[in-house]
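Just the heavy atoms: all of them, side chains too, but no hydrogens, waters or symmetry mates, feed the values below. All figures in this text were calculated on a predicted structure; none of them were measured in a lab. Along the sequence shown, residues carry numbers from 1. When a ligand or atom number is given, it counts from 1 through the structure's own listing order.
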Amino acid sequence: MPLILEGIVTTTNADGQPNISPMGPIVEPDLRTLILRPYQTSTTFQNLKRTGVGIFHVVDNVNLLARAAIGKLDPLPALSSCQEVPGYILDDACRWYAFRVCSRCDTEPRTRLDCEVLSHGHLRDFFGLNRAKHAVVEAAILATRMAWSSRSDLETEFTRLATLVEKTGGEEECRAFDFLFNYLRQSPDTCFADS
Ligand SMILES: Cc1cc2nc3c(=O)[nH]c(=O)nc-3n(C[C@H](O)[C@H](O)[C@H](O)COP(=O)(O)O)c2cc1C
């Protein structure tokens, strides 16, 4: 049965620079194919439409994921050139999967890209299950969906997730979560669905 694997996709911008975005493709456990569902408005979609190739990463660095989710990766993390497809591999990923887009359905705002994995690599072991890391992943997803939620609903959810981060997280998880919570608090009311 297919499932969703949250990770990070790198694509190449028109000027050759990397674009780094969290995405949750639908995968089979063997990860030979990916079904990506980027919104048409995303840079990831525009780049994949133009180049037809990208690299999906399995990660445990939630600080990287949190910052990439809201486009605040400055400086960029360390990247290496992929030998198999034109693109960038995140040095701090656990595993990477270079893919090509085989077919595209973009009749809806959220598109569907059926992708075939061309090659893959293992860089280091996955840290393991940790509730704080998962709480940061949830918070990062919520932070990218402010336009569909009210400020008060999001603050309630963040407050619930904060308990998990405090109880089970390390420095990286606390920093990533605080970064997202501050981003939420500092966002103007017009960013939220109830504005
Ligand atoms: C764990 C996670 C999974 C995500 N999955 C998707 C997805 O499947 N499709 C999508 O359009 N956005 C997804 N997002 C939101 C995008 O990462 C976010 O909108 C990002 O800003 C898009 O960046 P881009 O415009 O550079 O592609 C996800 C975010 C997180 C944190």
Side-chain angles (χ1 to χ4, degrees), residues 2-27 31 33-77 79 87-88 90 92-95 97 99 101 104-115 126-127 129-149 154 157-158 161 164-165 172-173 175-184 187 191-193:
L3 69 168
I4 291 177
L5 179 58
E6 309 295 357
I8 297 182
V9 171
T10 56
T11 52
T12 306
N13 295 332
D15 64 0
Q17 290 301 303
N19 187 73
I20 303 172
S21 300
M23 290 281 150
I26 301 170
V27 301
L31 264 74
T33 58
L34 310 171
I35 301 172
L36 280 162
R37 295 156 314 139
Y39 281 91
Q40 297 216 18
T41 49
S42 69
T43 304
T44 299
F45 173 72
Q46 295 302 329
N47 286 346
L48 288 174
K49 189 174 167 185
R50 197 183 64 259
T51 68
V53 291
I55 300 171
F56 176 72
H57 301 78
V58 172
V59 299
D60 56 17
N61 181 338
V62 291
N63 202 28
L64 173 61
L65 182 134
R67 286 170 190 275
I70 54 174
K72 299 265 193 254
L73 273 178
D74 186 18
L76 285 180
L79 297 153
Y88 298 92
L90 291 165
D92 195 34
C94 300
R95 307 195 307 274
Y97 298 84
F99 62 84
V101 179
R104 184 175 86 224
C105 176
D106 54 12
T107 50
E108 302 288 326
R110 192 170 194 185
T111 65
R112 174 184 164 127
L113 307 176
D114 286 80
C115 307
F126 181 69
F127 175 77
L129 298 177
N130 170 257
R131 296 176 78 197
K133 285 188 187 290
H134 290 276
V136 175
V137 174
E138 284 303 317
I141 291 174
L142 292 172
T144 65
R145 294 191 183 158
M146 289 192 305
W148 291 282
S149 316
L154 286 180
E157 194 62 16
F158 265 70
L161 293 170
L164 294 176
V165 177
E172 176 189 304
E173 292 72 33
R175 210 171 40 191
F177 189 80
D178 287 350
F179 169 77
L180 289 170
F181 213 162
N182 284 334
Y183 172 77
L184 178 69
S187 293
C191 294
F192 297 88

Would you check whether Ile20 has a nitrogen or oxygen atom less than 3.5 angstrom from a nitrogen or oxygen atom of ligand 1? no
Tell me whether the count of non-hydrogen atoms from other residues, nucleotides or ligands lying under 6.0 Å of CZ in Arg110 goes above 12. yes
Note the single closest protein heavy atom to atom 23 (O) of ligand 1, along with its residue, its atom name and the distance in Å. Ser21 OG, 3.0 Å
Does atom CG of Leu129 have more than 12 heavy-atom neighbours from other groups under 6.0 Å away? no
So is Thr43 polar-close to ligand 1, meaning N/O to N/O under 3.5 Å? yes
Measuring from non-hydrogen atoms of Arg145 to any atom of ligand 1, is the shortest distance under 4.0 Å? no
Could you pull out, from Ile141, Leu142, Thr41, Val9, the option with a heavy atom nearest to atom 2 (C) of ligand 1? Ile141
Report the part of Glu6 in contact with ligand 1, treating N, CA, C, O as backbone and CB onward as side chain, heavy atoms under 4.0 Å; options are side chain, backbone, both, neither. side chain
Counting distance only, does the side-chain N/O of Ser21 pair as donor-acceptor with the main-chain N or O of Val9 below 3.5 Å? no
Between Asp74 and Lys72 (salt bridge meaning N to carboxylate O under 4.0 Å), is one present in this structure? no
Are there more than 12 heavy atoms of other residues, nucleotides or ligands under 6.0 Å from atom CZ of Arg37? yes
So for atom CZ, which belongs to Phe127, do other residues, nucleotides or ligands contribute more than 12 heavy atoms lying within a distance under 6.0 Å? no
Around atom 27 (O) of ligand 1, find the nearest protein heavy atom and jot down its residue, atom name and distance. Thr44 OG1, 2.6 Å
Consider only side-chain N and O atoms of Thr51 and Thr12, and report whether a donor and an acceptor are under 3.5 Å apart. no
Is there a nitrogen or oxygen of Gly24 sitting under 3.5 Å from a nitrogen or oxygen of ligand 1? yes
So which of Asn19, Ile20, Val53 actually passes side chain to side chain contact (heavy atoms under 4.5 Å, CB included) with Thr11? Asn19
I'd like to know if the side chain of Ser149 and the backbone of Met146 have a donor-acceptor N/O pair within less than 3.5 Å. no
Among all protein heavy atoms in this structure, tell me which lies nearest to atom 12 (N) of ligand 1, with the distance rounded to 0.1 Å. Met23 CE, 3.7 Å
Under 4.0 Å to a heavy atom of Arg110 - the qualifying atoms of ligand 1, by number: 7 (C), 8 (O), 9 (N)
In terms of atom number and element, which parts of ligand 1 are under 4.0 angstrom from non-hydrogen atoms of Pro38? 9 (N), 10 (C), 11 (O)
To which protein heavy atom is atom 11 (O) of ligand 1 closest, and what is the distance rounded to 0.1 Å? Tyr39 N, 2.9 Å
Counting from 1 in the order shown, the ligand 1 atoms closer than 4.0 Å to a non-hydrogen atom of Arg37 are 7 (C), 8 (O), 9 (N), 10 (C), 11 (O)
When only distance counts, is Ala69 in polar contact with ligand 1, meaning an N/O pair under 3.5 Å? yes
Tell me if a side-chain donor or acceptor on Gln46 pairs with a main-chain N or O of Gln40 at a distance below 3.5 Å. yes
Under 4.0 Å, heavy-atom basis, I'd like to know which part of Asn19 is in contact with ligand 1: side chain, backbone, both or neither. side chain
Taking Lys133 for its side chain and Val62 for its backbone only, find out whether a donor-acceptor pair lies under 3.5 Å. no
Report the nearest protein non-hydrogen atom to atom 15 (C) of ligand 1: residue, atom name, distance rounded to 0.1 Å. Thr144 OG1, 3.8 Å
To the nearest 0.1 Å, how far is atom 14 (N) of ligand 1 from its closest protein heavy atom, and which atom is that? Pro22 O, 3.5 Å
